[in-house]
Amino acid sequence: MNGGVSEYLVIESKHNCTCKQEKESKEAADSKKLALIENAYGTILTGLGEDVDREGLLRTPLRAAKAMQFLTKGYKETTQDILNDAIFDENHEEMVIVKDIELFSLCEHHLVPFFGKAHIAYLPNKKVVGLSKLARIVEIYSRRLQVQERLTKQIASAIAEALEPAGVAVVIEAVHMCMVMRGVQKMNASTVTSVMLGRFHDDTKARKEFLTLTLKK
């Protein structure tokens, strides 16, 4: 028995050592990436004619690099990571809607924000998911460089893949700062995109019910 315990302790020690090495390697890689982004922001500021050595800008490249890493943290996350044990067997087939999920993202064309709300519905096929996980899925895909059309489709596809429901519907309403702060400069313009899968695509009645419940003011 002592031999078995000793063998277990050796295996456990090796496992802990491997995990520590992987963590240290990841931290080193993240630190290197942060430095690259920081240097890039310094170059941009210099190119704009700014003095990166003046007091107000001394730490701006680092702050901007950390901010950009946060704003794009969705690249490091997957739906599998957040759903894990949050899918449950349940004999429920009626529509589930979570609306007005706030989202913030960055337009991949100009690297300026767009923001708004996502509305999600699915028709369970004997499986339901923790409601907060739908908001987390929105967060994963919005915290990347995006276009709204692709973002809408990625959210719908992720839910469909994870739950295998009878249908998924996603609508996003957003304001794009690339249209407000620059270009056409239209303050009141908003963009609406939708993706309908399964019964929401095929069944007019289901689609109408979702849109009525979601978009009514």
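Along the sequence shown, residues carry numbers from 1.
Listed here is the closest heavy atom pair of Ala65 and Leu34: CB-CD1, 3.6 Å. Between Val170 and Thr152, the shortest heavy-atom contact is O-CG2, 3.6 Å. When every heavy atom of His110 is checked against every heavy atom of Cys178, the shortest pair comes out as ND1-CB, 3.7 Å. Of all non-hydrogen atoms in Gly130 and Phe88, the two that sit nearest each other are N-CE1, 4.1 Å. Ala174 and Phe114 get closest at one heavy-atom pair: CB-CD1, 4.1 Å. Here the closest non-hydrogen pair linking Thr214 and Lys99 is O-NZ, 3.2 Å.
Under a 3.5 Å cut-off, the side chain of His119 and the backbone N or O of Ala121 do not form any donor-acceptor pair. One N or O on the side chain of Asn84 and one on the backbone of Asp81 form a donor-acceptor pair closer than 3.5 Å. Side chain of Arg143 to backbone of Tyr75: no donor-acceptor contact under 3.5 angstrom is found. Judged purely by atom type and a 3.5 angstrom limit, Tyr122 has no side-chain atom pairing as donor or acceptor with the backbone of Val128. Side-chain atoms of Lys133 do not come within 3.5 Å of backbone N or O of Ile87 as any donor-acceptor pair.
Applying the 6.0 Å contact sphere to CZ of Arg136 captures no more than 12 heavy atoms from other residues, nucleotides or ligands. A 6.0 Å sphere centred on NZ of Lys73 holds more than 12 heavy atoms belonging to other residues, nucleotides or ligands. Heavy atoms from other residues, nucleotides or ligands lying under 6.0 Å from CZ of Arg59 number 12 at most. More than 12 heavy atoms of other residues, nucleotides or ligands sit less than 6.0 Å from atom CD of Glu50. Counting heavy-atom neighbours within 6.0 Å of Glu55 CD, excluding the residue itself, gives a total of 12 or less.
Of the inter-residue distances, the one linking Met196 atom CE with Arg199 atom CZ reads 14.0 Å to the nearest 0.5 angstrom. Separation of atoms CG (Leu57) and OG1 (Thr46) is listed at 9.5 Å; rounding is to 0.5 Å. Between Leu123 atom CG and Leu197 atom CG the span is 11.0 Å, to the nearest 0.5 Å. Annotation: the span from Glu93 atom CD to Asn125 atom CG amounts to 7.0 Å, rounded to 0.5 Å. Rounded to the nearest 0.5 angstrom, Glu149 CD and Gln154 CD are separated by 11.5 Å. Taken to the nearest 0.5 Å, the CG atom of Leu83 stands 7.0 Å off from the CG atom of Leu163.
Of the candidates Leu106, Leu111, Leu145, Leu71 forms a side chain to side chain contact (heavy atoms under 4.5 Å, CB included) with just one, namely Leu106. When each of Val171, Leu131, Ile159, Val96 is tested with Ile120 by the rule side chain to side chain contact (heavy atoms under 4.5 Å, CB included), just one qualifies, namely Ile159.
The existence of a salt bridge linking Glu108 and Arg144 is excluded, since no basic side-chain nitrogen approaches an acidic carboxylate oxygen closer than 4.0 Å.
Residues Val98 and Ile172 share a hydrophobic cluster, clusters being chains of Ile/Leu/Val/Met/Phe/Trp/Tyr side chains in contact below 4.5 Å. Phe210 and Val168 fall into different hydrophobic clusters, where Ile, Leu, Val, Met, Phe, Trp and Tyr are joined by side-chain heavy atoms under 4.5 Å apart, directly or via other members. Taken together through direct or relayed side-chain contacts under 4.5 Å among Ile, Leu, Val, Met, Phe, Trp and Tyr, Leu103 and Ile82 form part of one hydrophobic cluster. Under the 4.5 Å side-chain heavy-atom criterion for grouping Ile, Leu, Val, Met, Phe, Trp and Tyr, Phe200 is connected to Leu213 within one hydrophobic cluster. Tracing side-chain contacts under 4.5 Å through hydrophobic residues (I, L, V, M, F, W, Y), one never reaches Phe104 starting from Ile101; they form parts of separate clusters.
The side-chain heavy atoms of Met181 and Val112, taken from C-beta on, include no pair separated by under 4.5 Å. Side-chain contact between Pro124 and His92: present, with at least one pair of heavy atoms (C-beta onward) separated by less than 4.5 Å. Looking only at side-chain heavy atoms (C-beta outward), Lys127 and Asp89 come within less than 4.5 Å of each other. Using a 4.5 Å heavy-atom cutoff, the side chains of Phe115 and Met177 are in contact. Taking the side chain as every heavy atom from C-beta outward, Lys126 and Asn91 approach each other to under 4.5 Å.
With no hydrogens or angles considered, no side-chain donor-acceptor pair links Ser105 and Gln146 at under 3.5 Å.
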### Task
Take Thr193 and Gln148 through the test side-chain hydrogen bond (donor to acceptor under 3.5 Å, both in side chains) and record every step on the way to the result.
CA-CA 7 Å; Thr193 50; Gln148 185 174 328; 3.0 Å; yes
